[in-house]
Structure formats: C-alpha cells, structure tokens
Amino acid sequence: MPDTLPLSIQLSWLIPLYGFSGMLLSLPWAAGWIKRNGPRPAAYLNLLVTLLAVLHGSLVLGAVLALGPQHVDIAWFSAADLDLRIGFDLSLTNLAALELVTGLSLVGQVFALGYLDKEWSLARFYALVGFFEGAMAGVVLSSNLFMSYFLLEMLTLSTYLLVGFWYAQPLVVTAARDAFLTKRVGDVLLLMGVVTLSTWAGSLEFNDLYAWSANGTLPALGATLLGLALIAGPMGKCAQFPMHLWLDEAMEGPNPASILRNSVVVTCGAVVLLKVMPLLMISPVAIDVLLAVGTISAVGGALVAISQVDLKRACSYSTTSYLGLVFIAIALQQPFIALLLLFSHALAKAVLFMSVGSVIATTNCQDLTELGGLGSRMPATTTGFLVGAAGLTGLLPLGCFWSFGLMVEGLGSRAPFFAAVVLLTNGLTALNLTRVYRQVFLGAPHPKTRRAPEVNWLMALPMVTVAVLVLVTPLAMARIDRVPGISAFSSGTALALVGSGLAGLLVGSLVPLDTFWSRSVLRPLRVLQDLLAFDFYTDRIYRATIVAFVAGLARITNGFDQLVVNGMVNRIAAVSMGSAQGLKLGVSGRLQTYVFTVVAAIVLLVGSLSWLGG
C-alpha cells in the first residue's frame, strides 16, 4: 500500500473494527461489571463508534471519487510458503454499500434507544448490534472469498444471538435455533465451494478467481456443483426459497434488529452473490437454479405476505420477494440494476420497519385484526409507513420505480417472462401494503389503539430522517454517471409499471377486511387462504421429508449402535467376565506358581516366534 495515499484510505481497515470495538466497549455493562449508572453509556459508546465509521467511510468515499478505486492489503500471518493477507476493495460500489450499512446501523441504534427504553439488557443488545455492524462492514469491503465466508459466519452467529435476545421465552429460543440451523445449511454448502476453489484456483482473492474462471476449463459436473455451492450461502442470507423460513422466525427478535435484518443484512448476502457472479457464468445449471429460486421467492413471498395477520411478518415476506428480483437480475447479468434495487429496497424497508416498530411500541400489539384507527393518532408513524410503501412500489417515481423500470425495460425483449414477474411482484406488494395500511391506520380505533400516542423523538427522528432519504433517492440516482438516462425508459414500461401498482392498490382497497369474515366460508377459497397463510406448508413438507428422513436415519444408526456395536462389546465383556470367573478358581496364592506360569508363557512365545521365523 503506497504511503502517498490519503490517511483515510491507509486506515480504511479500521472501519469494520469500529463495530467490533463498540461490542467490546459495551461488555462492562452487558456483563454486569458496572451497575451504578445503568446500561445507557454502552448505547452512547456504540453510537459514537458507529458515527466514526460513517464519517471515516465518507472520507474514504471522497478520496476514491478523486483517485479511483483502491486496494488495501494487510499481511497478518506468514510461515514458510503460507502467506495469509486481509484485503479490502475500496470501489465505489463497496463504499456505497458500506455507507448504507453504517448509516442505517446508526439510525437503527438511535431508534433502539427509544424502542428499548425500559429494557434491562440494553447494553447486551448494543454489544450484539456492534458485532452485527462490524461483520457487515467487513463483508461489503472484503476482497477475499474466505474472509467473506468467515464474516458471513459471524453474521449467522449474531443473527442467532439477536433473534434469541429475549431468551426467557420458549418461542424465541425455538425461533433463534431454527434461524441458525437454516442459515447453517447454506453456510456449509458455501464452505464446500470455498475449499474447492482454494484447491482448483490456488487463490481466494476475487480478482484471481475472476482470472481463473475466464481462463480455466472445468468438467460440467464440477462446474455445476461449484456454482450451486456458491449460491447456497447467499440464498440462506437473503432468505430465498427453500431457505427462507428463518426470516419469518427472526421476527421474534427486537424490532430494531429487524430493521437491520430486513434492509442491510440481506443486502450483504446479495453483495457476496454479486462478487461471485463471474464465477457462476461457468455453470449454466447454476444460472438456471438462480433464476428458478429468484422467481419462486419473488412471486411466492409476495403471495404469502398478503395472507399474514402478523404485522412484522406481513412486511418481512416482501423482503424475500424483493431479494428474489435481485437474484433474477444477477442471474441475467444485470449487476447495476441489482445494486440500484438493493439500495432502494434497503432504505424503503428500513423506514417501513421503523413505522411498524413504532406501532408495536405504542400498542404492544402486532396482530392486524386488533389494530386500527392509528392514522390520526400517530401522524409521523403514518407518514413513515406511506413513504416506505411508496418507495417499495412502482406508484410514485421513487427508488424502486426507477429500479423496476430499468429492469422491465432491459428484460422486456430478451426475457419477457421475468419482466412479467417484476410487474406481478410490484402489484402484489402494492396490494399487501394497501391492505396493511387500511387495517392499521384507517377504520375505527380498537381497544388497543384508542389511546395510542405518537412515539417519542428518539424513534420519530430516525424514522423521518430515513423517510427523507427515500424521497430524495431519485435525485441521488440521477447523479450517478452510469445512469445518464435513468428517466429515459419507454412510456410503455412506465405505464405497465404504474398500472401494476394501481391494480394492486385497487384490489387492496376493495378487499374486505372484516375480522369475523376474514376466513372465507367457501371451502376452495379457505383452502387457498390457508395455503398462503401457512407459507405453502413449507415447514410441514420439511418435517415430512427432510426432517423425517434425518430422524429415521438417526433411529437406524442408534439401533445399529445399540444392537450391534453395544451388543458385541457387551458379549465380549461377558466372555471376559466368564473367563475371569473360571480363572479365579485356579488361583492358589503361591508366588512360585505365578512365576512359573509367566516363564512358561515367555518360553512358548519365544519358541513360536523362532519357529515362524525359521
């Protein structure tokens, strides 16, 4: 690394460490070593180091804009021919993702101060968020696949700890376990791909891997298995089918963690997939699987969302849906559109979940059937929800409108089926958000919402701040050099996009929301409602197939161990005990008899060896 580079770039390796240092600074309060002044100092220290990460990232971004992309390489272990290094790619894409991660982490932590105001383990929450933030910052900057995998493992661990934050509740413990195990499936498969690449390519630096994939030739089976392994990890992190159930389970955790999980955590998983995209091109089967997974997740997630009665789950399933569209864009080699969609979705989903958290904090309820009439009582929260919903759909010219428009325009001629998937997802999302808005903010107040006040300023300020960012997203997009004609897609594309959104808005406005008749008396419609409400019975299918197979295999293994292995050992032990019982009858207690027996045994042994040798 040249010494002539600005100090901010030379010290850019510190950026992920800011989050980890916040975790360490919180430990005295989280562990109960300091009790006199409460846990608030831990929160303030985390906010300070996160602010430093945002400022440092901004300085690096400014330097890279002036000097061009940079690479920071640090040697941390060297022995014989083993040279391990930590590398950071300081490109505009990575730094934009970094600012998104640290910025949303900062506003999420401010929001948490108000949301968890009375939480006795506030310091432990901020320690876990610091761990979360450090891992995410490292993932987006990493230039090495092994380091990316290592940091993704840290994300899996932090997800488990944050989902299980309220560990005294049995349902929370089950949710944390299920989320951890589901993501571990993708992590293990990704590890297989990492080990394979380290053997075949000889390096795990992304630039070296790109050169190897361009020049090397692999057998079809090897390329297919490698491609599937590389997409398995991001599938788990981005909650894609069939590893999507963990995101639903993760809603049992605190809402401030859900804000980050539904906005930037899934973004980090998609960024890793973007980094390995050139490697996937060697496997047509992997590309087809990526397209199938993205399509099922996009449409399936949007369908499941419209039947949920839990407020957080109704919004979290749309995360699976939108990341499915990102997977489609990556599979069709549209990385820039995928990035635009990721950033637009992250900002809009963050403000949407802040609004959801405000409703839950005020009413202590997240059942849609028990909410209503909050629009006049919580104006800031209502505005935040409307801005977030508008930012996610193609109704107003906000971030996702331009992202969807560019995607539909690019796919309209070469892949019209996937352009239709984008329009369908947009319409279903508009339907779901309209339905949720009507049930929560319109109508007559319910007992739990009749006296609901607006949230405190610690929750309202970050919500309004991110809402403003959502509103100015189109202006930021217009300044991106690579999108000079961002408003130049055809009027037909714009009309199709607005039409799909208006169709969803119209259906969402007309669908009956009467709680008593919410479940139809018509059997075919009721079957469809149950199918969507229970996520196409995915968990039951898992229990009847994979879980049953593993449990049956475990029973067979246990039976073999009990009957064969233990039985053989027990029989040998019984023979030994029987021999010992017989031998003890021949014990005389005379020393010369024992000596004679030993000498005779030695003579027989030596004689037999001599005879065999001769």
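In this text, all values refer to a predicted model and were calculated from it rather than measured experimentally. Residue indices begin at 1 and follow the sequence shown. In what follows, every heavy atom counts, from backbone to side chain, and hydrogens, waters and symmetry copies are set aside.
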**Q** Can you name the closest pair of heavy atoms from Met136 and Val101 and give their distance?
**A**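 Closest approach of Met136 to Val101: CB-CG1, 3.7 Å.
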**Q** For a quick check under 3.5 Å, do Lys183 and Thr159 share a side-chain donor-acceptor pair by atom type?
**A**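 Looking only at side-chain atoms, Thr159 and Lys183 do form a donor-acceptor pair, the distance falling under 3.5 Å.
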**Q** With a 3.5 Å distance limit and no angle check, can you tell me whether Arg414 reaches the backbone of Gly410 through a side-chain donor-acceptor pair?
**A** no
**Q** Could you tell me which residues satisfy ring-ring contact (aromatic ring centres under 6.0 Å, His included) with Phe385, sequence neighbours excluded, listed by chain and number?
**A** Phe441
**Q** Would the distance check show the side chain of Thr449 and the main-chain N or O of Pro445 forming a donor-acceptor pair, the cut-off being under 3.5 Å?
**A** no
**Q** Short question: side chain of Gln439, backbone of Leu371 - any donor-acceptor pair under 3.5 Å?
**A** no
**Q** Indicate yes or no for a side-chain donor-acceptor contact from Asp187 to the backbone of Leu152 under 3.5 Å, with no hydrogens or angles considered.
**A**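 No, the answer is negative, given that no donor and acceptor are paired below the 3.5 Å cut-off.
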**Q** Could you check whether any side-chain N or O of Arg438 sits under 3.5 Å from a backbone N or O of Ser509, counting only pairs where one atom can act as donor and the other as acceptor?
**A**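 Between the backbone of Ser509 and the side chain of Arg438 there is a qualifying donor-acceptor contact (under 3.5 Å).
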**Q** Tell me whether Glu409 contacts the main-chain N or O of Thr493 through its side chain, where contact means a donor paired with an acceptor under 3.5 Å.
**A** no
**Q** Can you tell me which residue among Phe404, Tyr322, Phe353 is in a ring-ring contact (aromatic ring centres under 6.0 Å, His included) with His345?
**A**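 With His345 as partner, Phe404, Tyr322, Phe353 yield a single ring-ring contact (aromatic ring centres under 6.0 Å, His included), made by Tyr322.
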**Q** Got Leu106 and Gln109 here, is their nearest side-chain heavy-atom distance under 4.5 Å?
**A** no
**Q** Got a list of side-chain donor-acceptor pairs under 3.5 Å for residues 294-304, not counting sequence neighbours?
**A**
unit_1: Thr295; atom_1: OG1; unit_2: Leu291; atom_2: O; d: 2.8
unit_1: Ser297; atom_1: OG; unit_2: Gln240; atom_2: OE1; d: 3.2
unit_1: Ser297; atom_1: OG; unit_2: Phe241; atom_2: N; d: 2.9
unit_1: Ser297; atom_1: OG; unit_2: Val293; atom_2: O; d: 2.8

**Q** Without swapping roles, check the side chain of Asn432 against the backbone of Ala314 for a donor-acceptor pair under 3.5 Å.
**A**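 Side chain of Asn432 to backbone of Ala314, a donor-acceptor pair under 3.5 Å: yes, one is there.
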**Q** Distance-only check: which donor-acceptor pairs under 3.5 Å involve side-chain atoms of residues 167-182, not counting sequence neighbours?
**A**
unit_1: Thr174; atom_1: OG1; unit_2: Pro170; atom_2: O; d: 3.1
unit_1: Thr182; atom_1: OG1; unit_2: Asp178; atom_2: O; d: 2.7

**Q** Any side-chain to backbone donor/acceptor pair from Ser500 onto Leu497? Under 3.5 Å, distance only.
**A**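 It does hold such a pair.
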**Q** Do the side chain of Ser105 and the main chain of Thr102 share a donor and acceptor less than 3.5 angstrom apart?
**A**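 Such a contact is absent between Ser105 side chain and Thr102 backbone.
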**Q** Quickly, which of Phe125, Phe132, Tyr126 forms a ring-ring contact (aromatic ring centres under 6.0 Å, His included) with Phe165? Name it, please.
**A**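 Result for ring-ring contact (aromatic ring centres under 6.0 Å, His included) with Phe165: Phe125.
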**Q** What are the two closest non-hydrogen atoms of Leu332 and Leu411, and how far apart are they?
**A**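 That closest heavy-atom pairing would be CD1-CD2, 3.3 Å.
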**Q** For the side chain of Ser344 and the backbone of Leu341, is there at least one donor-acceptor N/O pair under 3.5 Å apart?
**A**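 Not at all, since once roles are kept as given, no pair shorter than 3.5 Å links the two residues.
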**Q** Does Leu458 form a side-chain contact (heavy atoms from CB on, under 4.5 Å) with Phe111? I'd like the steps, not just the answer.
**A** CA-CA 6 Å; Leu458 285 170; Phe111 185 88; over 6 Å; no
